[in-house]
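Here is how names work: the chains are called A, B, and so on, in the same order as the sequence lines, proteins then strands, and each is numbered from 1. Since we're looking at a predicted model, the values are computed, not measured. Because only heavy atoms are used, hydrogens play no part in the values below, and waters and symmetry mates are left out as well, while side chains stay in.
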There are 2 protein chains.
Amino acid sequence: MRVSLKDVAARAGVSIKTVSNVVNNYQHVTPAMRERVQQAIDELGYRPNLTARHLRQGRTGIIALALPELGNPYFAELAAAVIDAAALHDYIVLLDHTGGRREQEVLVSQGFRARVIDGLILSPIELEAEDLRERTENVPLVLLGERHYDLPYDHIAVDNVAAARTAVRHLIDLGRREVAFIGARRGHSQPAHLRLQGWREELLSAGLSVDDGLIATTEGWGHADGAAAMTRILETGRRPDAVFAYNDPIAIGAMRVLSERGMRVPEDVAVVGFDDVVEGHFGTVTLTSVSPDKEAIARMAVESVLARLSGQAPEPRRVWADYRLIARESTLGRST
Amino acid sequence: MRVSLKDVAARAGVSIKTVSNVVNNYQHVTPAMRERVQQAIDELGYRPNLTARHLRQGRTGIIALALPELGNPYFAELAAAVIDAAALHDYIVLLDHTGGRREQEVLVSQGFRARVIDGLILSPIELEAEDLRERTENVPLVLLGERHYDLPYDHIAVDNVAAARTAVRHLIDLGRREVAFIGARRGHSQPAHLRLQGWREELLSAGLSVDDGLIATTEGWGHADGAAAMTRILETGRRPDAVFAYNDPIAIGAMRVLSERGMRVPEDVAVVGFDDVVEGHFGTVTLTSVSPDKEAIARMAVESVLARLSGQAPEPRRVWADYRLIARESTLGRST
DNA sequence: AGCCGGGCTTGCAACGTTATACGTCCGCAT
DNA sequence: ATGCGGACGTATAACGTTGCAAGCCCGGCT
């Protein structure tokens with residue numbers, strides 16, 4: 001049986017509250033008393049019951065993190081960063097994944113499984129603004145990632161349009177003129193997503209034409225999706241001299257197809273990804289990528305939740321995290 | 001303010017307990033009453049307070065999963081599988097990562113942060129048997145992975161020795177005779193780990209010599225470690241014709257180095273990894289790998305925890321999960 | 001008519017903790 | 001000596017839920 005304050009109190013011959021005071025380092029406790037109680041605690045191996053503490057205090061010390069899929073290394077790395085950031089504040093992280101499915105995202109945002117949590121960090125994919133508008137839950141919610149809602153919630157992300165423009169600019173500066181975009185969302189009600197928008201804007205501002213034949217949609221965001229999309233473009237007979245992919249796995253899937261078809265990266269086709277996952281650092285051709293500052297994103301997300309919990313930060317804010325473009329072999333060639 | 005049973009009861013004009021009965025689908029409730037209460041619940045937007053429920057019931061519905069690092073896609077994919085398996089039983093998953101550091105693993109196994117959990121699934125790296133022997137926590141613990149303790153805890157893993165032998169056998173069958181092993185643990189007190197043991201056993205049983213110069217240790221288990229280790233082997237002047245890596249990231253890091261030095265995979269060096277992560281399916285050269293049945297591992301881990309929670313399964317058991325060797329280009333060449 | 005039993009509802013206690021408010025004791029200033 | 005304030009310890013009441021046992025009501029049986 002678990003030992004409770006009551007048991008310790010009985011053993012030490014003091015009241016329950018005094019034991020509680022010792023446990024919580026309440027200041028008005030004589031050293032002698034403190035030691036007596038501490039000894040009883042040690043002898044019995046007492047450990048506080050957090051559930052009870054949380055019931056009493058109305059807080060659980062748990063933050064939920066809901067991501068589309070852990071299989072994507074970007075999200076896995078982000079999850080690790082969030083866990084660490086939360087630990088700094090003595091919070092622990094409950095992890096959920098939504099598969100990027102709207103239905104699941106709605107459930108999570110409504111607090112579905114997790115009536116145990118103090119706050120929620122959600123990285124939505126299909127979730128619509130109306131879903132959030134209907135949200136009745138009152139645990140603090142912080143949004144991550146590319147989607148962009150005009151709603152009173154904190155939102156943390158890199159400036160996707162600007163970041164995408166930087167990536168495309170890099171390709172144009174290399175002299176590329178036919179820049180494909182791989183990873184648009186199929187049949188999505190929302191205005192084309194921000195990275196696609198950045199691609200478009202940068203092409204236009206460089207005086208290049210925007211050619212829908214160079215946009216490939218994907219079902220998901222994995223290697224296989226990138227490979228399939230690249231294949232589709234090539235099968236139309238198009239021969240782009242550059243590819244900007246929605247993320248790194250898609251870029252790597254595309255590079256695989258290029259290599260299968262005997263097209264060289266970067267000589268024939270330069271490739272830029274997004275997220276800067278470790279995997280991209282070690283391929284036969286390493287991948288140029290936009291690198292969001294994951295640690296900063298994680299830190300700011302956790303801090304936003306906590307700020308809201310403590311009633312600070314009344315104004316919902318959009319926070320831009322840092323990013324940089326890291327050029328590697330897929331746009332520069334191998335440096336031997 | 002959150003609405004509680006009391007508020008609903010007041011609204012519906014019934015007792016708290018009756019509302020509780022409705023919420024819990026207690027059978028002796030008249031349809032009329034059920035409807036009346038349900039209406040009050042809906043109007044007020046009542047949601048049960050799980051903390052209170054758990055305090056009352058002594059269970060939290062939360063399982064902790066402690067992994068070495070999420071950055072390794074194998075663990076990320078495993079985490080996803082565990083979350084899904086737990087969800088089937090209405091359990092949610094608290095995630096922790098230990099960095100594979102003994103100190104952290106001890107903390108976790110002692111229930112460190114998580115006095116909130118019903119059970120713990122731990123994938124240890126450096127943890128020693130003595131650490132577990134001193135364990136005082138009484139929440140069920142299930143161990144995952146390669147380490148192997150002679151202690152009364154459930155343990156779930158693939159048969160690493162046999163799996164490693166299968167991988168090495170595959171290389172030998174291709175006619176390779178100089179098979180390097182990359183990813184041994186540096187300065188580890190425990191007998192050389194099981195995959196290394198399998199490598200050794202299979203070489204011996206094939207009548208080949210076991211050459212310590214072909215064993216490379218690593219600090220961690222990432223791409224960079226594999227690359228560094230491969231570099232070290234090559235710099236001794238050795239030219240193995242095959243590599244068996246502790247896991248896929250190490251294998252991929254090694255392949256990168258081979259490619260930098262102009263050695264072809266698989267023609268000059270055949271490579272086999274372990275874990276079958278998605279990344280390996282899409283490199284310029286796809287990676288042959290041992291594929292553990294992650295879903296099965298996750299399922300069995302969760303079920304073991306739950307069985308122990310409900311007092312079943314008195315005998316701690318070691319369970320072997322399925323695995324298969326999936327041959328790809330890194331041992332077969334590109335099929336086109 | 002009275003009793004019994006089962007279906008339905010309820011009051012109470014308890015899970016383990018902390019906040020509040022109070023009581024006691026001591027030392028010090030008056 | 002008396003009064004006062006601060007330091008220290010404690011009793012009690014919550015937090016929101018569910019298990020238990022008891023109570024009520026009604027139909028059917030004796």
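With rounding to the nearest 0.5 Å, the separation of CD in A:E103 from CD in A:E105 is 10.5 Å. For the atom pair CD1 of B:I41 and CZ of B:R34, the computed distance is 10.0 Å after rounding to the nearest 0.5 Å.
Within residues 9-23 of chain A, the residues that have a heavy atom under 4.0 Å from DNA chain C are, in order of number, A:I16, A:K17, A:S20.
Screening A:L306, A:V302, A:I62 for a side chain to side chain contact (heavy atoms under 4.5 Å, CB included) with A:Y91, the sole residue that qualifies is A:L306.
Nucleotide D:dT18 holds its C1' atom 11 Å from the OH atom of B:Y46, rounded to whole Å. To the nearest angstrom, C1' of D:dG19 lies 16 Å from CZ of B:R59. For A:R34 and D:dC8, the CZ to P distance is 10 Å, given to the nearest whole Å. A:D7 places its CG atom 8 Å from the P atom of C:dG16, with the value rounded to the nearest Å. As a whole-Å value, the separation of A:K6 NZ from D:dA11 P is 14 Å. Atom-to-atom, CG of B:L5 to P of C:dC12 comes out at 17 Å; the value is rounded to the nearest Å. To the nearest angstrom, C1' of D:dG16 lies 15 Å from CG of B:L44. D:dT17 atom C1' lies 16 Å from atom CG of B:N25, rounded to whole Å.
The side chain of A:S4 has C:dG16 as its nearest neighbour among D:dT17, C:dT18, C:dG16.
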Quick test: give all pairs of protein nitrogen or oxygen and nucleotides 6-8 of chain C nitrogen or oxygen below 3.5 Å, distance rounded to 0.1 Å.
residue	atom	partner	partner atom	Å
C:dC8	OP2	B:H28	ND1	3.3

Begin with the C-alpha distance, continue with both residues' side-chain angles, and end with the deciding distance and a verdict on salt bridge (charged side-chain N to carboxylate O under 4.0 Å, His left out) for A:R101 and A:E69.
CA-CA 10 Å; A:R101 293 187 311 276; A:E69 44 177 359; over 6 Å; no
**Asked** Would B:I156 and B:S304 satisfy side-chain contact (heavy atoms from CB on, under 4.5 Å), going step by step from the backbone distance to the final call?
**Response** CA-CA 9 Å; B:I156 293 160; B:S304 282; 3.7 Å; yes
Kindly indicate, with the supporting measurements, whether the criterion side-chain contact (heavy atoms from CB on, under 4.5 Å) is fulfilled by A:V106 and A:L127.
CA-CA 7 Å; A:V106 171; A:L127 194 72; 3.6 Å; yes
Criterion side-chain contact (heavy atoms from CB on, under 4.5 Å) on B:T60 and A:V116, from CA distance to verdict: CA-CA 9 Å; B:T60 64; A:V116 214; over 6 Å; no
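Proximity of A:N24 to the phosphate of C:dT18: a side-chain N or O atom is located under 4.0 Å from OP1 or OP2.
Between B:R56 and A:Q57, it is B:R56 whose nearest contact on DNA chain C lies nearer the 5' terminus.
Using a 3.5 Å distance cut-off with no hydrogens or angles, the side chains of B:Q39 and B:E35 do not pair a donor with an acceptor.
The pair A:R317-A:E303 does not meet the salt-bridge criterion, since no charged nitrogen lies less than 4.0 angstrom from a carboxylate oxygen.
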